[in-house]
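Quick notes on the structure that follows.
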Protein chains: 2
Amino acid sequence: MSDSGLDAVKLDGAGPVYDQIRRAIRDLVLNGTWTPGTSVPPEHALMERLGASRMTVHRALVQLAREGLITRRRRSGTVVASPPASHAMLDILSIPDEVRQLGQDYAFEILSRRDGKPAAEVAALFELKRSEPIVHLVTRHLSSGQPHVLEERVIHLATVPAAADEPFETMPAGDWLLQHSLWSQAEHALSAVAAGAREAELLAIGRGEPCLLVERRTWNQSAPVTAVRLLYPGGRHRFVGRFGPYGQV
Amino acid sequence: MSDSGLDAVKLDGAGPVYDQIRRAIRDLVLNGTWTPGTSVPPEHALMERLGASRMTVHRALVQLAREGLITRRRRSGTVVASPPASHAMLDILSIPDEVRQLGQDYAFEILSRRDGKPAAEVAALFELKRSEPIVHLVTRHLSSGQPHVLEERVIHLATVPAAADEPFETMPAGDWLLQHSLWSQAEHALSAVAAGAREAELLAIGRGEPCLLVERRTWNQSAPVTAVRLLYPGGRHRFVGRFGPYGQV
DNA sequence: AAGTGGTCTAGACCACGTC
DNA sequence: ACGTGGTCTAGACCACTTT
């Protein structure tokens, strides 16, 4: 390579040039070739390399910046952005951050961990194949010593092999995954459920009390990354989002 | 006026020209001057009228199209779009549509209606001023005869005066508002609550059973339009959304 | 001072859909 | 055929930030 990854940008000839450029760079970010903090070549370099005018290159970069994949500043240039720690609408939120934003102390404890092929009830709960190796974790998050949310999670080892060697002692699995894996798509479901006996005990609430159940599954380019069920005591938690009729505000 | 509303487009001199054009047209749509279906002048007309280059006008229109406020097609031109009937992430969804999508018959009944200044408990629940005239409605939505969701709503008469004369017999208030009012911003909150005695009876569930409470407040240009509390029996309802780390998919 | 992105122009050609 | 939007160019000047 002659320079900082310029050669990695390759167009596929399909569709408008600005969109080819956008997709080429987006793919370099999503497949991990350009990690967060990596400098993106300046417009004039891309322009020469790709034989496009500056406006066309600019258009691609502006769109990527709007999508949040890159950050642009005059003089200092364009860099690959860090994935957002929280999602404006509904979490993909770091639970430590969530607790600390409420002004409370954060702590967590891993209640159980099992690696390997999932037990039948875990496979059913998360719609897994029995043969698929995973890490299965149950974590309790604490807010100033009080139970905040109960987390049950599976991590797909085929997609995130490094999870097998990670003890998850310094940070909960969700935060570790934000730093050590990529995701391109997520699905959320929200529902209200009554706390079961064990859940009630772990959350220090009464059995049958309403809880908000957040289920999230995450993929990177169609490979499953993780799936998590978060059980919040209903009386104490609300999820708030703001947007306009045509999208987020 | 000499032509189809061209004269209504006025720039304010603040910031980039493309953004002035975007805001000028956006405001004409949001304040109802240009209603859905209205033709937006073609690029060359705006270009002459505003003394900007076609690229600059184009840039403003492309952004408005991306935001969903206008629809553009070659040859036939640009028209003001109809507001989306549902929001991809979390409702602003027509409840009749929601029920019918599940393959069920839809019906609704208005359990109570009161016009005028709010009672103390209503004002408290929706954070209203006691002096503000509203319509207060309690509606039960039915799915094939079974209770589907309980809705309690206030409509701000200062913003939507026509609501005073509307009996809401042919369609529920939410759908009527989608057709007869504009909104530019909404706030949602989700939580899990236990059904109270009266709520449980109206929803045909047990008292204390978990319910998903969706609270939504809607504004148009900072004027409050409506606020609604939707109580869904928890066991039967989930809200699902899909998106990527950088926005909706 | 210099390098980066932000905006804007005046033109060109093309693609598409309606007439 | 024609009018619309979609893309693209080659250049220009400006604004900001770091050196």
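Predicted, not measured: the structure shown is a model, and the values here were computed from it. A, B, ... follow the sequence lines: proteins, then strands. Residue 1 opens every chain.
- Remark: P of dT9(C) and CE of Met55(B) are 10 Å apart, rounded to the nearest angstrom.
- Of all nucleotides listed (dG5(C), dC8(D), dT9(C)), dC8(D) comes nearest to the side chain of Thr56(A).
- Listed pair Tyr18(A) / dT7(D) meets the phosphate criterion, a side-chain N or O lying under 4.0 Å from OP1 or OP2.
- Atom pair Arg54(B):CZ and dC8(D):P shows a separation of 13 Å (rounding to whole Å applied).
- Taking atom CD of residue Glu48(A) and atom P of nucleotide dG3(C), one finds them 14 Å apart after rounding to whole Å.
- Under the 4.0 Å criterion applied to side-chain N and carboxylate O atoms, Asp19(B) and Arg23(B) are assigned as salt-bridge partners.
- Nucleic acid contact for Gly15(B): none, since no nucleic acid atom lies under 4.0 Å from a heavy atom of the residue.
- Spacing between atom CD1 of Ile70(A) and atom C1' of dG6(C) amounts to 14 Å, rounded to whole angstrom units.
- Here the side chains of Thr139(A) and Arg153(A) are not in contact, with every heavy-atom distance at 4.5 Å or above.
- Arg73(A) contributes no side-chain N or O that forms a donor-acceptor pair with the base of dG6(C) under 3.5 Å.
- If you take NE2 of His44(B) and P of dA12(C), they are 17 Å apart, rounded to a whole angstrom.
- A salt bridge links Arg217(B) with Glu127(B): the closest approach of a Lys/Arg side-chain nitrogen to an acidic carboxylate oxygen falls below 4.0 angstrom.
- You'll find that the side chain of Ser53(A) is closest to dA10(D), out of dA10(D), dT7(C), dG5(D).
- Protein atom CG of Leu64(A) is 12 Å distant from nucleotide atom P of dG6(C), rounded to whole Å.
- Among dG5(D), dT7(D), dT18(C), the nucleotide with an atom closest to any side-chain atom of Ser76(B) is dT18(C).
- In this structure, Met47(A) places its CE atom 12 Å from P of dA12(D), rounding to the nearest Å.
- A side chain to side chain contact (heavy atoms under 4.5 Å, CB included) with Val80(A) holds for exactly one of Val29(A), Leu69(A), Thr33(A), Leu64(A); it is Val29(A).
- A donor-acceptor contact under 3.5 angstrom links the side-chain atoms of Arg75(B) to the base of dC2(D).
- Look at His58(B) and you'll find a side-chain N or O under 4.0 angstrom from OP1 or OP2 of dG6(D).
- Summarising the geometry, the separation between CG on Leu50(A) and C1' on dT9(D) is reported as 15 Å, rounded to the nearest angstrom.
- A salt bridge does not link Glu67(A) with Arg26(A): none of the charged nitrogens is closer than 4.0 Å to a carboxylate oxygen.
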